[in-house]
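What follows is one structure encoded as structure tokens, with my remarks underneath.
Residue numbers start at 1 and run along the sequence shown.
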Amino acid sequence: APTRLEDEEEPVSWLQFAVKDYRDLLRGRRVELVIDGTVSGGNLLEACLFENASYYGICMSETHKVMLEERTIKKCVL
């Protein structure tokens, strides 16, 4: 798990719904674009990838950004 540095901002919340729940929400509303100001662990990002919705998320630190990039690459490749 990533370790927060003392001088870094934290994400608003690490709490998130399951990918399946986000996918159901996106599909049910026919969402094409998500702007996420509370990026957490990346489940909404992953759901957007599965549902072909564009995603723009704001990370609060470089550590958070790197963690999400690594997670997303693993999910896309596997």
Worksheet entry | Check: D36/Y56 side-chain N/O donor and acceptor closer than 3.5 Å | no
Fill in: Check: H64 side chain, S40 main-chain N or O, donor-acceptor pair, under 3.5 Å
yes
Item to complete: Mark yes or no for whether N43, through its side chain, and Q16, through its backbone, hold a donor-acceptor pair below 3.5 Å.
Response: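 Flag not set: sc N43 to bb Q16 has no pair under 3.5 Å.
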Discussion item. Salt bridge check, K65 against E69: does any charged N sit closer than 4.0 Å to a carboxylate O?
Written reply: yes
Worksheet item: Quick one: do R23 and E46 make a salt bridge, cutoff under 4.0 Å?
Response: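 Salt bridge flag = no for E46 with R23.
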What's the spacing between [X] [atom1] and [Y] [atom2] if we round to 0.5 Å?
{"X": "D24", "Y": "E51", "atom1": "CG", "atom2": "CD", "answer": "8.0 Å"}
{"X": "E70", "Y": "T72", "atom1": "CD", "atom2": "OG1", "answer": "10.0 Å"}
{"X": "F50", "Y": "K20", "atom1": "CZ", "atom2": "NZ", "answer": "13.0 Å"}

Fill in: Path from V19 to L68 over hydrophobic side-chain contacts below 4.5 Å
no
Practice prompt. Consider only side-chain heavy atoms of I, L, V, M, F, W and Y, link residues closer than 4.5 Å, and tell whether L45 and M67 are in one cluster.
Written response: yes
Which heavy atom of [X] sits nearest a heavy atom of [Y], and at what distance?
{"X": "A53", "Y": "V31", "result": "CB-O, 3.7 Å"}
{"X": "V39", "Y": "I58", "result": "CG2-N, 3.3 Å"}
{"X": "S54", "Y": "C48", "result": "O-SG, 4.4 Å"}

Discussion item. Show, in sequence, the C-alpha distance, side-chain angles and deciding distance for L44 and Y55, and conclude whether the side chain to side chain contact (heavy atoms under 4.5 Å, CB included) test is met.
Written reply: CA-CA 9 Å; L44 180 54; Y55 180 88; 4.0 Å; yes
Fill in: Greater than 12 external heavy atoms within 6.0 Å of L33's CG
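Yes, the 6.0 Å shell around CG holds more than 12 heavy atoms from other groups.
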